[in-house]
Amino acid sequence: MPSGGSSQRAWRVAAAFAAIYAIWGSTYLAIRVAIETLPPFLMAGVRFLIAGTVLHLLGRLRGDAAPKAAHIAPSILLGALFFLVGNGGVVWAEQRVPSGLAALMVAVTPLWTTLFEWRGGGRAPSPWTGVGLVAGLAGVGMLVAPGELAPGRAALGGAVDVAGAAACMLSSLGWSFASVLSGGLRLPRSPAIASSLQMLAGGVLLVAAGLATGEGAHVAAHGFSLRSGLALGYLVVFGSLVAFTAFTWLLRVTSPSRVATCAYVNPVVAVFLGWALAGERLTPRVLVAAAVIIGAVVLIISTRRRGDEKGRGGEPEPTASPLPSGRPAA
């Protein structure tokens, strides 16, 4: 029989997985609610400035080493890719596309990550990975093809808005490129300190983007709804702090391949919540596209996992990567 300690650990692992599955899946809907009355880039910038500050202070109080000057430039670069492009693209896109569709379109992030790793000198994709890549692109193609998909924010006669879809793809590309690039950059050893620097850099850049695009003219406290304010608070506390803490802990106690399963659970949660709470309509084409995309991501991640196990002679070891490579931090 399992000991009390192992049983308690199992419950902690289960709770941490539930956090990254449910919370990160719900952030797409929370973003949609937040930007109902809050300017998109400024909202995202404030979110990551607050979260980055809290995370940095917690890391330092825990005894993590202070960052060095050499860590600043890489952190700014990754902050721009992860948060300005990665998260900012999703936030901007959700003005134009439903939250569930945004989640599905960025779910192909492992596809781009695989291609970037290959082009950077990594292992060539296996035939099954190739099938997953083609299927993932086909699923996205089904979403953006002309024809009725969903009402509301989906424009162009019911089809997915082209600009919104392009922003989601840019978000996915930026996050994937940063995930691959980060392995060769000099960053703090502490995941909390490394991620906090990137959040702070991304927050500053997002605020700058908001001011540059004229969002400052729309900042008026009387125009902000309580609903949007609560959504922003949820994104800061749960999306950026609670789920992130669960994620980094899981990387230390289980394999990255298991943690990467959030890449195909999160879109399912996002689509369901968009349908259940925001009235985002689910048509047969959306459901088929969702199945194709999620199936492709499962195939890519599982194939890469088997390749890692074969290459290393066993289960890949947990890494200290400070940010998830499986999906943009929505």
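Just so you know, residue 1 is the first one in the sequence shown, and it goes up from there. All values below were derived from every heavy atom in this structure, side-chain atoms included, with hydrogens, water molecules and symmetry-related copies excluded.
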Mind checking whether Tyr28 and Pro267 have side chains closer than 4.5 Å, heavy atoms only?
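Tyr28 vs Pro267: side chains apart.
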(message) Any non-hydrogen side-chain atom of Arg62 less than 4.5 Å from a side-chain atom of Ser190?
(response)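 Result yes, sub-4.5 Å side-chain heavy-atom pair found.
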Specify the closest pair of heavy atoms between [X] and [Y], including all atoms of both residues, with the distance to one decimal.
X      : Y      : answer
Pro191 : Thr248 : CB-CG2, 4.3 Å
Ala44  : Val91  : CB-CG2, 4.2 Å
Pro40  : Ile35  : CA-CG2, 3.9 Å
Ala30  : Leu235 : CB-CD2, 3.7 Å
Thr245 : Leu241 : OG1-O, 2.7 Å
Leu133 : Leu111 : O-CD1, 3.2 Å

Nearest-0.5 Å distance, [atom1] of residue [X] to [atom2] of residue [Y]:
X      : Y      : atom1 : atom2 : answer
Leu78  : Met199 : CG    : CE    : 12.5 Å
Arg285 : Met142 : CZ    : CE    : 7.0 Å
Ile31  : Gln95  : CD1   : CD    : 11.5 Å
Glu94  : Leu29  : CD    : CG    : 8.0 Å
Leu42  : Leu211 : CG    : CG    : 5.5 Å
Arg47  : Asn87  : CZ    : CG    : 5.5 Å

Closer than 3.5 angstrom, by distance alone: can the side chain of [X] be matched with the main-chain N or O of [Y] as a donor-acceptor pair?
X      : Y      : result
Ser228 : Phe224 : no
Asp64  : Pro188 : no
Glu280 : Ser99  : yes
Ser126 : Thr129 : yes
Ser171 : Gly89  : no
Ser195 : Ala192 : no
Thr254 : Leu250 : no
Thr37  : Ser225 : yes
His56  : Thr53  : no

Sort out for me which residue in Leu104, Val106, Leu101 forms a side-chain contact (heavy atoms from CB on, under 4.5 Å) with Cys168.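 Only match with Cys168 under side-chain contact (heavy atoms from CB on, under 4.5 Å): Val106.
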Tested for side-chain contact (heavy atoms from CB on, under 4.5 Å) against Pro74, the lone hit among Leu185, Leu197, Leu181 is Leu185
So the salt bridge (Lys or Arg N to Asp or Glu O under 4.0 Å) pairs with at least one residue in residues 230-244 (sequence neighbours excluded) are none
Practice problem: Among residues two or more places apart or on two chains, list those pairs meeting salt bridge (Lys or Arg N to Asp or Glu O under 4.0 Å) that have a residue in residues 222-239. | Solution: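 Non-adjacent pairs meeting salt bridge (Lys or Arg N to Asp or Glu O under 4.0 Å): Glu36-Arg227.
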How about Tyr234 and Ser26: does a side-chain donor come under 3.5 Å of a side-chain acceptor?
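Yes, Ser26 and Tyr234 have a side-chain donor paired with an acceptor closer than 3.5 Å.
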No-hydrogen, no-angle side-chain donor-acceptor test under 3.5 Å, Ser172 and Thr109: yes
Only one of Phe17, Trp24, Tyr21 passes ring-ring contact (aromatic ring centres under 6.0 Å, His included) with Phe247, and that residue is Trp24
Indicate if Leu277 and Leu282 have the same hydrophobic cluster label, given that clusters are the connected sets of ILVMFWY residues with side-chain heavy-atom separations under 4.5 angstrom.
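Result: yes, single cluster for both.
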**Asked** Do Leu287 and Val108 share a hydrophobic cluster, counting only Ile, Leu, Val, Met, Phe, Trp and Tyr and linking them when any side-chain heavy atoms are less than 4.5 Å apart?
**Response** yes
**OP:** Show the numbers, then the answer: is there a side chain to side chain contact (heavy atoms under 4.5 Å, CB included) between Leu226 and Leu230?
**Re:** CA-CA 6 Å; Leu226 176 61; Leu230 291 174; 4.0 Å; yes
For residues 265-295, the ring-ring contact (aromatic ring centres under 6.0 Å, His included) pairs (sequence neighbours left out) are Phe272-Trp275
- prompt: Using 30° and 60° as the class limits, which term best fits the ring planes of Phe83 and Trp175: parallel, tilted or perpendicular?
  reply: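 It falls in the perpendicular class, over 60°.
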Could you walk me through whether Phe48 and Gln198 pass the side chain to side chain contact (heavy atoms under 4.5 Å, CB included) check? CA-CA 9 Å; Phe48 289 114; Gln198 294 166 42; over 6 Å; no
- Task: Count the heavy atoms belonging to other residues, nucleotides or ligands that lie under 6.0 Å from CZ of Phe116, then report whether that count exceeds 12.
- Result: yes
Using salt bridge (Lys or Arg N to Asp or Glu O under 4.0 Å) as the criterion, list what pairs up with Glu215, not counting sequence neighbours.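 Here no residue qualifies.
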Verdict with supporting geometry, Val13 and Trp249, side chain to side chain contact (heavy atoms under 4.5 Å, CB included)
CA-CA 9 Å; Val13 169; Trp249 181 76; 3.7 Å; yes
Excluding Leu170, membership of its hydrophobic cluster (Ile, Leu, Val, Met, Phe, Trp, Tyr; side-chain heavy atoms within less than 4.5 Å) reads Val85
For this session: Would you check, one step at a time, whether the test side chain to side chain contact (heavy atoms under 4.5 Å, CB included) holds for Leu143 with Ile293?
Result: CA-CA 10 Å; Leu143 288 177; Ile293 291 172; 3.8 Å; yes
Return a table of donor-acceptor pairs under 3.5 angstrom between the side chains of residues 202-209 and protein atoms on other chains or two or more places apart.
none

